[in-house]
Amino acid sequence: MQIYNTMSRKKEELIPRVPGEISMYVCGPTVYNYFHIGNARPFVVFDTMRRYLEHRGYTVKFIQNFTDIDDKLIRKANEEGVTVPEIADRYIKEYYTDADALGVERATCNPRATEHVEQIVRLVQTLIDKGHAYATENGDVYFSVRSFPGYGKLSGQSIDDLESGARIDPTEQKHDPLDFALWKGAKPGEPAWPTPWGAGRPGWHIECSAMSMELLGPTFDIHAGGQDLIFPHHENEIAQSEAATGQPFARYWMHNGYINVDNQKMSKSLGNFRLVREIAQEFDLEAVRLFLLGTHYRNPVNFSRELVEQSETALARIRTARERLAEAPIGDTPEADAAFMQAVDGHRAAFYAAMDDDLNTADALGAFFDYIRALNTFVSEPHGKAALDKAAKFFDDVTSVFGILQHKKEEELPAEALALLNERAEARKAKNWARADEIREALKALGFAVEDSKDGAKLKRL
RNA sequence: GGCGCCAUAGCCAAGCGGUAAGGCAGAGGUCUGCAAAACCUUAAUCCCCGGUUCGAUUCCGGGUGGCGCCUCCA
């Protein structure tokens, strides 16, 4: 499989450090609110990456952190008069609600920063000992950017160019404008942990270094996140980690593109944030997931209601095809079966080729719809069970990699609707079309569409 | 100023040296009591101007128009 490595700015063959195993770290949410559609993209994209790698036989260690201590959490806790851990616990729970609905599989581990303070302190101490970091009078600790020669290698920036744009907040006691906080000295009323250089709390960048090293070792395969994290977050992670261990940090860097809303960047001032929680009230989040996977992950995506509606229709097409397959008539047609099974192999190869090319889910989706058209034709006539089973296997492989059609909602149909459906069948038998159409309208009012076929009518929830 | 991305049918979106996948919407048809679903048919001077090449949407240069990072926002 080829993946685009932000570090080299090229597609590279993905060769795991340990054969058969992939170690992956994805930057997770800061848990001070429900997450928005922009946050959702990396969750969905890298979950799909993980699902695909597992499908292809890799064992994947998939780590996604929760940032559960930072300025935003502290502010929120103060606003509500509750503790920081209460805020964190609440929004971690809400994270799982939305992530589950988006079909995001649970990570191998979701480490929390506050549960790794010991490792963070140790890492900061190492950096101080090695001369890469310094503590200031007010208890902050900064990383000395100029002590790490490779600084800028991920973002393609030179230190001097960065220097000219950097500013120092007058309250900070940095030696150099580029230096960034590893540790923040305690302020009154804020959560703090004791350290050799004074009480305080972790800076943001250091937590990812500490937790990835703790769980995956000093060098691991893939580090992923949104493009906006390239600088400074990921650049800083590299500097801290490699300065501390003397070993390469992540081997491949993957970054997803942005999501705009109605062609504009989401921002507080524009008031156009779209929380996944709100979107869920209007749409099946599987449609949102399909929408996100319809564009290559490195390209920007524009989010709008209209576009998700299009994805909803497309998702319905996939669902319908799967249902038709499940109910396909059985017959004895060895020649047609053999030809179709060979065609399935071709479709599978096309799907893999797309996914192997830097996780091109948009292309893979195209291959899947090609398959669906062939399948819909195939199941309109009776065919052998072996061929249908093979067709189902490929179908389910694709949907499980895409993470769609996963919630199996075999809901009970209301008795009222079933009674109406029976009555309509009687009316149709009697060729009382007026009554049949009347009942169809009544069912529509109940939220069901009627689809007639040779073997009777079916109800579909609208 | 430094680093970088994008421009393909009405709307999305792949492809990226040999005259363009797929989805949604639209039109016509098959099927149906009528529908729905499904299937068939149907749509593109690939932003502009140069250059390289036998050949460019695809590579290079220059425009134009969008956009991002450099402000602990995925």
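Chain identifiers are assigned alphabetically (A, B, ...) following the order of the sequence lines, protein sequences preceding nucleic acid strands; residue numbering begins at 1 within each chain.
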Task: Listed nucleotide nearest any side-chain atom of Gln157(A), set G15(B), G23(B), C3(B) - done: C3(B)
Task: A43(B) to A20(B) separation - C1' atoms, rounded to the nearest Å - done: 12 Å
TODO: Tell me, please, whether Tyr32(A) has Arg75(A) positioned over its six-membered ring: NZ or CZ under 6.0 Å from the ring centre and within 45 degrees of its axis?
DONE: no
Task: Residues Tyr91(A), Asp68(A); criterion side-chain hydrogen bond (donor to acceptor under 3.5 Å, both in side chains); working and verdict - done: CA-CA 9 Å; Tyr91(A) 289 109; Asp68(A) 63 349; over 6 Å; no
TODO: Would you kindly give the CG-to-P distance between Leu178(A) and G2(B), to the nearest whole Å?
DONE: 17 Å
- [ ] Could you tell me which nucleotide pairs with U30(B) by Watson-Crick or G-U wobble geometry, both distances under 3.5 Å, or answer none if nothing does?
- [x] A38(B)
Open item on the list: Please determine whether a side-chain nitrogen or oxygen atom of Arg9(A) lies at a distance below 4.0 Å from atom OP1 or OP2 of G4(B).
Closed with: yes
- [ ] For the side chain of Ala314(A), starting at C-beta, report the closest nucleotide among C39(B), G23(B), C69(B).
- [x] G23(B)
Task: Spacing between Glu235(A) atom CD and G4(B) atom P, to the nearest angstrom - done: 13 Å
TODO: Would you kindly give the CD-to-P distance between Gln227(A) and C70(B), to the nearest whole Å?
DONE: 12 Å
Task: Pairwise P distance for A56(B) and G51(B), with rounding to whole Å - done: 11 Å
Task: Interatomic distance, His296(A) NE2 vs A13(B) P [rounded to whole Å] - done: 13 Å
- [ ] Write down the partner of C5(B) under the Watson-Crick or G-U wobble criteria, each distance required to be under 3.5 Å.
- [x] G66(B)
Open item on the list: Which nucleotide wins on minimum distance to the side chain of Asn360(A), given the candidates C73(B), A14(B), C39(B)?
Closed with: A14(B)
Task: Paired nucleotide for A13(B) [Watson-Crick or G-U wobble; both distances under 3.5 Å] - done: none
Open item on the list: Between the side chains of Asp397(A) and Arg51(A), is the shortest nitrogen-to-carboxylate-oxygen separation below 4.0 Å, so that they form an ion pair?
Closed with: no
Open item on the list: Closest approach to the side chain of Asp370(A), judged atom by atom: which nucleotide of A21(B), C40(B), A74(B) is it?
Closed with: A21(B)
Open item on the list: Please report the distance separating the C1' of A38(B) from the corresponding atom of A44(B), rounded so that it comes out in whole Å.
Closed with: 27 Å
TODO: Please measure how far the C1' atom in G65(B) lies from the corresponding atom in C48(B), and state the result in whole Å.
DONE: 11 Å
- [ ] Just name whichever nucleotide pairs with G55(B), Watson-Crick or G-U, keeping both distances under 3.5 Å, else none.
- [x] none
TODO: State which of C73(B), G23(B), G15(B) makes the closest approach to the side chain of Arg373(A).
DONE: G23(B)
- [ ] Send over the distance from Asn39(A) CG to C73(B) C1', rounded to a whole Å.
- [x] 8 Å
Task: Any strand: nucleotide that pairs with A43(B) via Watson-Crick or wobble, under 3.5 Å - done: none
Open item on the list: Heavy atoms from C-beta onward define the side chain here; which of A74(B), G33(B), C12(B) lies closest to that of Pro42(A)?
Closed with: A74(B)
Task: C1'-based separation of G26(B) from A9(B) [nearest Å] - done: 12 Å
Task: Whole angstrom value for the distance that separates P of C73(B) from CG of Asn236(A) - done: 13 Å
Task: Asn299(A) CG - G15(B) C1' separation (whole Å) - done: 12 Å
- [ ] Give the rounded distance in Å between these two atoms: NE2 of His36(A) and P of A74(B).
- [x] 5 Å
- [ ] Output yes if the stacking criterion (under 5.5 Å between centres, under 30° between planes) is met for Phe369(A) over the base of G22(B), else no.
- [x] no
When you compare the protein's N or O atoms with those of nucleotides 34-37 of chain B, which come within less than 3.5 Å of each other, and at what distance?
unit_1: C34(B); atom_1: O2; unit_2: Arg440(A); atom_2: NH2; d: 2.6
unit_1: C34(B); atom_1: N3; unit_2: Arg440(A); atom_2: NH1; d: 3.1
unit_1: C34(B); atom_1: N3; unit_2: Arg440(A); atom_2: NH2; d: 3.4
unit_1: C34(B); atom_1: N4; unit_2: Asp452(A); atom_2: OD2; d: 2.9
unit_1: A35(B); atom_1: N6; unit_2: Asp452(A); atom_2: O; d: 3.4
unit_1: A35(B); atom_1: N1; unit_2: Asp452(A); atom_2: N; d: 3.0
unit_1: A35(B); atom_1: N1; unit_2: Asp452(A); atom_2: OD2; d: 3.4
unit_1: A35(B); atom_1: N3; unit_2: Arg440(A); atom_2: NH1; d: 3.1
unit_1: A36(B); atom_1: N1; unit_2: Asp452(A); atom_2: O; d: 3.2

Task: A74(B) phosphate, OP1 or OP2, under 4.0 Å from Asn256(A) side-chain N/O - done: no
Open item on the list: Pairing check on U71(B): which nucleotide meets the Watson-Crick or G-U wobble criteria with it, both distances under 3.5 Å?
Closed with: none
Open item on the list: Taking U42(B) as the reference, what is the distance to A74(B) when you measure between their P atoms (whole Å, please)?
Closed with: 47 Å
Open item on the list: In this structure, is the centre-to-centre distance between the rings of Phe66(A) and Tyr96(A) below 6.0 Å?
Closed with: yes
TODO: Indicate, with yes or no, if the rings of Phe220(A) and Phe249(A) have centres closer together than 6.0 Å.
DONE: yes
Open item on the list: Quick check for you: among G68(B), G15(B), A38(B), whose closest atom lies nearest to any side-chain atom of Tyr258(A)?
Closed with: G68(B)
Open item on the list: Measuring centre to centre across the rings, with the benzene-like ring taken for any Trp, is His347(A) within less than 6.0 Å of Phe394(A)?
Closed with: no
